[in-house]
Amino acid sequence: MSDAKKILILANSAGGLCDFRDQFLDKLAMKHTVAVSVPDDVKKEELVARGFQVYKTPINRRGINPIEDLKLCLSYGKLMKQVKPDMVITYTIKPNIYGGVCAAVRRIPCIATITGLGGAFDKRGPLLWLVIFLYRLGLRKDACVFFQNEENRGIFRKYGIHGKKDRLVMGSGVNLSRHPYEPYPQSEEVHFLFMGRVMKERGILEYLEAAKRLHSDTVFFDIMGYCDEDYEDMLNELEKQGIIRQIGFQTEVAPYLAATSAVVIASFHEGMSNALLEAAATGRPVIASRISGCREAYEEGITGFGFTPGRADELIEAMKKFLALSTEERAQMGRAGRKKMEAEFDRQIIADAYMEEVG
């Protein structure tokens, strides 16, 4: 086709790319030639099956190491020279920054997505201004910057970080076919499920405190996700005591969502919580942080309960509210969550917004 382009996608996770951008990838594949740069082989076969060229580019996702980041920037520059893309699409912090820099140098149109800010803008002094400088450098020539919540967009505008234009979308949306509604469990047991990387900023300490105080013969606390910080010994000890159960990282979460009673999202920061969207699409109530990136996706007392992140006492009170509900009331809460996802968070809508910018 005469309007077909060669697209290069830079991402920090093959799994995240396939799981949360699948419908956009399908639309791209129908019209354009696509190359993908990811740091792992988790979904390589799936990407190859879509007809994509796959390149492996190591990324240290955490921290600012000048030598490693320079290597990443040089790797992206070399890749762009090799692939010769007509457009670059980037996701997450380091691909956004260093991919944006390389695309600007080569005068290649770039579309970036701010999937969340983490604790970057909680810093003070020189570290904050370094973050601002890097974002300004990486995004200044971008054709479009997508934001997943209004608060993140406001922070960037406050610090003068921008591309040529920006757009707001409802996160990555949720694939409603891949995450169908599942009948609510009728067991008297209640299973809370923590979904996310096991780290302080994801609220793991508050969740563990709730588990210590509320677990019983009928109330269980599960954890799905890999350890991103040094909590293995603590988790193993609590599991040994019967307080928690570790599920570990899973590439297919649907069976676990179907079996759980409520999903807990305790993050301090989110772009838009994919785990929350998937839980609600499955018909499961959520107990979630009252932060941008979560509060847009649930309704207090209707599809879930909220609490202040970092406050274990508030999380516990929210869980107690949930435990006081009947099984039918919990099921109704889940059905309301599914309806909200269908009305507001269908991933097809987000994929169409990206395709408008790609052309």
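Residues take their numbers from the sequence shown, with the count starting at 1.
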**Student:** Tell me the salt bridge (charged side-chain N to carboxylate O under 4.0 Å, His left out) pairs involving residues 260-277, sequence neighbours left out?
**Tutor:**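 Of all non-adjacent pairs touching residues 260-277, those that pass salt bridge (charged side-chain N to carboxylate O under 4.0 Å, His left out) are R202-E270.
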
**Student:** Measure across N274 and S172 and return the closest heavy-atom pair with its distance rounded to 0.1 Å.
**Tutor:**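 Of all heavy-atom pairs spanning N274 and S172, the closest is OD1-CB, 3.4 Å.
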
**Student:** For L315, enumerate each residue passing the side-chain contact (heavy atoms from CB on, under 4.5 Å) test, keeping only those at least two apart in sequence or located in another chain.
**Tutor:**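 Checked L315 against side-chain contact (heavy atoms from CB on, under 4.5 Å); matches are E206, A210, V264, I287, F307, M319.
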
**Student:** Using a strict threshold of under 4.0 Å (side-chain N to carboxylate O), is an ion pair present between E317 and K321?
**Tutor:**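 No, this pair does not count.
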
**Student:** Picking from L47, I9, V54, I89, what satisfies side chain to side chain contact (heavy atoms under 4.5 Å, CB included) with V34?
**Tutor:**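 Testing V34 for a side chain to side chain contact (heavy atoms under 4.5 Å, CB included) against L47, I9, V54, I89 leaves exactly one candidate, I9.
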
**Student:** For Q53, does the CD atom have more than 12 heavy-atom neighbours from other residues, nucleotides or ligands under 6.0 Å away?
**Tutor:**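 Yes, CD of Q53 has more than 12 neighbouring heavy atoms, counting only those of other groups under 6.0 Å.
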
**Student:** Determine, for R335 against E328, whether the closest basic-nitrogen to carboxylate-oxygen distance falls under 4.0 angstrom.
**Tutor:**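 Salt bridge present between R335 and E328.
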
**Student:** What ring pair (Phe, Tyr, Trp, His ring centres under 6.0 Å) pairs are there with at least one residue in residues 101-120, not counting sequence neighbours?
**Tutor:**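 Sorted pair list comes back empty.
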
**Student:** Students often mix this up, so state it plainly: with edges at 30° and 60°, are the rings of Y207 and F221 parallel, tilted or perpendicular?
**Tutor:**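 Y207 and F221: perpendicular rings.
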
**Student:** Can you confirm whether or not the ring centre of F121 sits under 6.0 Å from the ring centre of Y159?
**Tutor:**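 Yes, close enough.
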
**Student:** Please name all residues satisfying side-chain contact (heavy atoms from CB on, under 4.5 Å) with L127, sequence neighbours left out, ordered by chain then number.
**Tutor:**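 In terms of side-chain contact (heavy atoms from CB on, under 4.5 Å), with neighbours along the sequence ignored, L127 is linked to K123.
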
**Student:** Would you say H32 and D86 are linked by a side-chain donor-acceptor pair, where the criterion is simply a distance under 3.5 Å?
**Tutor:**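 Distance-only check fails for D86 and H32.
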
**Student:** Residues two or more places apart in sequence or in another chain: which of them pass salt bridge (charged side-chain N to carboxylate O under 4.0 Å, His left out) with E229?
**Tutor:**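 Once residues adjacent in sequence are excluded, the partners of E229 under the salt bridge (charged side-chain N to carboxylate O under 4.0 Å, His left out) criterion are R62.
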
**Student:** Name all residues meeting the side-chain contact (heavy atoms from CB on, under 4.5 Å) criterion together with V190; count only those two or more places apart in sequence or in a different chain, and write none if there are none.
**Tutor:**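 Per chain and number, V190 pairs via side-chain contact (heavy atoms from CB on, under 4.5 Å) with F192, S261, F322, L323, R330.
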
**Student:** Mind running side chain to side chain contact (heavy atoms under 4.5 Å, CB included) on M195 and V286 for me, showing each step along the way?
**Tutor:** CA-CA 11 Å; M195 292 180 67; V286 297; over 6 Å; no

**Student:** Run the ring-centre check on Y354 versus F24 and record whether the distance is less than 6.0 Å.
**Tutor:**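 Yes: the rings meet the under 6.0 Å criterion.
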
